[in-house]
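This one's a predicted model, so the numbers in the text were calculated from it and none came from an experiment. In what follows, chains carry the letters A, B, and so on, assigned in the order in which the sequence lines appear, proteins first and then strands, with residues in each chain numbered from 1.
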Amino acid sequence: MREILYRLRGQPIQINVVESPEDLKAFEAFWRRHPALGWDTETTGLDWWHAKSGGFRLRLAQFGTGAESWVVPVEAGPQYGAAVVQALRGVEALVAQNASYDLHVVEECLGIPMEELAPKVWDTKLLAHLVDPRATREGGPGLSLEDLVRHYIDPVAADEVKGSARELAKKYKTTKAVMWKVVELQDPDFLLYAGMDPVFAYRLFKILYPLVPARSKASGLIGWEHRLAHACAQMERTGYLLDVEYAERCCAELTAKQEEAAYTALSYGVSKVGSTDQLVEAFTRLGHGSRLGKKTPKGNTSVDDAVLQSIDHPLAQAVIDAKRAGKFRKTWFQNALAGRDSSDRVHASLNSLAARTARMTITGSVPAQTFPAGSGYVRHMFLAEEGHVSCSIDYKTMELRFLAALCRDPTMLQAFREGLDLHQITADAAGVPRKFGKRANFLTVFGGGWRALMGDGIDEATAKRIIGAFGDTYPGVGKYSKGLSEEARKSGYIYTATGRRLPVDRGREYSAQNYAVQSGSRDVTARAILNLSEAGFTDLMRLPIHDELIFSFPEKEAKDLAREAAKIMEFTFRGVLIPTDVEIGGRSWGSVLELEASKH
DNA sequence: GACTGAAGCACC
DNA sequence: AAACGGTGCTTCAGTC
């Protein structure tokens with residue numbers, strides 16, 4: 001057994017590295033001494049779905065308290081993996097940073113079902129979000145282990161940990177991504193890096209748990225978010241079946257389109273269609289400089305889609321085409337193809353508790369929240385199971401209904417209760433077309449004013465009139481927003497309906513209303529996922545997209561299952577019904593959209 | 001090569 | 001008085 005010593009803020013941390021089967025006795029004695037342990041794994045990458053095909057391996061498993069940790073070289077032989085399994089099963093509670101990932105790893109590599117460990121796992125990332133959800137760029141602590149260590153434990157240790165990965169990559173003369181695969185199991189720098197992680201997780205738990213707001217604890221948010229994270233991990237595990245042939249065909253089409261457009265652009269002297277500098281130079285040279293008046297937020301000349309659309313020149317169209325084809329190919333089709341497992345399934349990375357408002361995010365090879373919604377072009381590559389059909393169930397105007405429930409404005413409440421057309425009510429009050437009323441309604445959810453309403457047929461006077469009419473028609477909204485902003489100004493926080501504490505920036509108190517609505521709506525979707533999970537829908541759910549859930553249902557039972565799921569999702573919040581809308585398509589997710597489009 | 005900021009574009 | 005909220009990914013250009 002090897003011992004490595006690290007000093008954390010002057011305190012000695014002992015890292016014990018298991019080197020032979022004899023050392024496992026001491027390891028077992030260690031974990032049996034502690035009811036709760038920090039826990040982490042080191043792997044060859046992040047693609048746990050490649051474990052079965054051998055493309056992904058578990059290398060180390062680490063367990064620790066605040067002062068001592070044990071590193072077990074799982075890769076060195078089956079007896080080590082067995083010892084880790086025994087420890088994972090035997091320990092009463094496990095603390096990990098982003099535990100869902102490690103649960104995937106041990107399920108795939110050691111055969112312990114996620115369901116078995118999830119109930120006793122505590123995730124420091126979830127706790128950190130409940131304490132302060134802000135990213136570092138927003139002036140918050142951040143949510144990564146490195147950021148949390150920097151903010152809550154020790155900035156020196158955070159830098160050393162981050163630096164060690166970089167140093168290791170340098171030492172092995174490779175990139176960071178490759179280093180995890182090739183670093184030697186006995187490498188002392190690697191062992192130090194690995195050994196400290198469970199210590200950090202353990203310490204973070206002790207620090208963060210008391211910092212979770214009392215109201216959040218009283219609402220049961222801690223357990224709730226853990227159960228949700230687990231349900232989302234189950235969706236990750238299921239993955240989404242890919243129509244590889246279709247995706248490859250689209251890739252080829254788009255490549256041809258992109259190359260043709262890029263060639264046209266090159267003939268006008270533009271070698272990089274994404275280079276604003278080159279485009280400004282080219283359009284000035286071609287006599288279209290007068291169209292380049294728009295500025296970016298930083299004051300540079302803007303050459304975005306709107307500007308390009310306004311320029312009547314083949315170069316403008318070529319740039320639009322090349323950029324569009326490139327984005328579709330690279331971001332949607334190629335990413336999905338590159339991320340698929342040996343069964344042609346892609347596994348999204350579902351971050352159940354992510355944004356400042358607690359909204360979920362979907363990252364990785366399936367950034368589904370940003371798939372083009374206008375047509376089924378991209379979504380066609382995702383298939384329901386053999387013999388299944390795709391189904392989408394979404395909430396109808398959830399955010400506006402949630403706002404109505406929160407602010408108690410009588411006109412709004414009545415409109416939703418009686419099924420009246422809220423957008424028309426707003427439009428009539430201002431004497432404008434319905435679409436302007438609709439824009440004003442949604443803008444209000446965002447906390448926008450007349451300035452933001454301008455454009456696309458609305459001039460300044462009309463914008464002011466609509467906002468004025470909105471205020472007169474729904475006085476409860478302004479009153480509610482004002483009260484919430486006041487709370488935010490005084491305390492720096494608001495509390496949502498589920499007892500979640502959200503920080504509100506100084507000088508941006510107007511955003512408090514949006515936070516309350518957006519966050520509350522997220523919790524409605526989250527609640528649906530949990531209830532569906534309990535009702536047996538776990539394997540049928542594919543993805544959550546904010547106010548929508550995507551399913552794969554057996555074709556014969558699709559109607560009944562959809563009806564049942566829609567009923568489970570439906571929610572009445574403070575007397576306001578948030579109803580659901582069911583769309584059943586064919587085999588592909590995209591077909592749901594086509595069906596919807598053909599109805600209108 | 002890693003990293004970052006800015007811009008642009010895909011969404012709810 | 002007015003105040004547009006929340007994301008992820010790619011490319012470009014520059015720095016370290």
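Residue A/T296 places at least one side-chain N or O under 4.0 Å from the OP1 or OP2 atom of B/dA7. Between A/K272 and C/dA13 there is a side-chain N or O to OP1 or OP2 distance below 4.0 Å. Here A/N335 does not reach the OP1 or OP2 of C/dC9: none of its side-chain N or O atoms lies under 4.0 Å away. Of the side-chain N and O atoms in A/K298, one or more sit less than 4.0 angstrom from OP1 or OP2 of B/dA6. Taking 4.0 angstrom as the limit, A/T370 places none of its side-chain polar atoms (N or O) nearer than this to OP1 or OP2 of C/dG8. A close approach under 4.0 Å does occur between a side-chain nitrogen or oxygen of A/R508 and OP1 or OP2 of C/dG6. Listed pair A/K323 / C/dT10 fails the phosphate criterion, with no side-chain N or O lying under 4.0 Å from OP1 or OP2. Listed pair A/W450 / C/dA3 meets the phosphate criterion, a side-chain N or O lying under 4.0 Å from OP1 or OP2. For C/dT7, neither phosphate oxygen OP1 nor OP2 lies less than 4.0 angstrom from any side-chain nitrogen or oxygen of A/N351.
In this structure, NZ in A/K125 is found 5.5 Å from CG in A/N351, a value given to the nearest 0.5 Å. Note: A/K181 NZ to A/T175 OG1 = 9.0 Å, rounded to the nearest 0.5 Å. Rounding to the nearest 0.5 Å gives a distance of 8.0 Å between OG of A/S521 and CZ of A/R359.
Between A/L315 and the choices A/T264, A/V273, A/L286, the side chain to side chain contact (heavy atoms under 4.5 Å, CB included) rule is met once, by A/L286. Looking at A/T444, A/D409, A/T426 one by one, the single match for side-chain hydrogen bond (donor to acceptor under 3.5 Å, both in side chains) with A/Y474 turns out to be A/T426.
Remark: ring of A/Y510 does not overlap the six-membered base ring of C/dA3 in a stacked fashion, as centroids less than 5.5 Å apart with planes less than 30° apart are not both met.
Taking every side-chain heavy atom of A/K330 into account, C/dT10 is the closest of B/dA7, B/dC11, C/dT10. Nearest nucleotide to the side chain of A/P297, out of B/dA7, B/dC11, B/dG1: B/dA7. Distance from the side chain of A/N300 is smallest for B/dA6 among the nucleotides C/dC9, B/dA6, C/dG5.
We find that CG of A/L308 is positioned 7 Å from P of B/dC9, with the value rounded to whole Å. When the P atom of C/dC9 is taken as reference, atom CZ of A/F333 falls 17 Å away, rounded to whole Å. If you take CZ of A/R324 and P of C/dT10, they are 17 Å apart, rounded to a whole angstrom. Rounded to an integer number of Å, the gap from CG of A/N514 to P of B/dC12 is 16 Å. Rounded to whole Å, atom C1' of B/dC3 lies 12 Å from atom CD of A/E146. Spacing between atom CZ of A/F446 and atom C1' of B/dC12 amounts to 7 Å, rounded to whole angstrom units. Here the C1' atom of nucleotide C/dC12 and the CG atom of A/D304 are 16 Å apart, to the nearest Å. Atom CZ of A/F328 is separated from atom C1' of B/dC11 by 11 Å (rounded to the nearest Å).
Across all strands, A/L453 comes closer than 4.0 Å to no nucleic acid atom at all (heavy-atom distances). Residue contacts shown for A/R356 are limited to sugar-phosphate atoms, with no base heavy atom under 4.0 Å away. Using a 4.0 Å heavy-atom distance criterion, A/S302 is classed as a sugar-phosphate-only contact. Among the atoms of the strands shown, none is found under 4.0 Å from any heavy atom of A/R522. Residue contacts for A/V303: at a heavy-atom cut-off of 4.0 Å it reaches the sugar-phosphate backbone alone, with no base atom in range. Using a 4.0 Å heavy-atom criterion, one finds that A/G507 contacts no nucleic acid atom at all.
In this model, a side-chain donor or acceptor of A/K327 finds a partner on the base of B/dC9 within 3.5 Å. Interface remark: the A/R451 side chain does not form any donor-acceptor pair with the C/dC4 base, using a distance-only criterion of under 3.5 Å. Taking only distance into account, the side chain of A/Q369 never meets the base of C/dG8 through a donor-acceptor pair shorter than 3.5 Å.
More than 12 heavy-atom neighbours from other residues, nucleotides or ligands sit within 6.0 angstrom of CD on A/E281.
With hydrogens and angles ignored, the 3.5 Å screen pairs a side-chain donor or acceptor of A/R285 with a backbone N or O of A/Y268.
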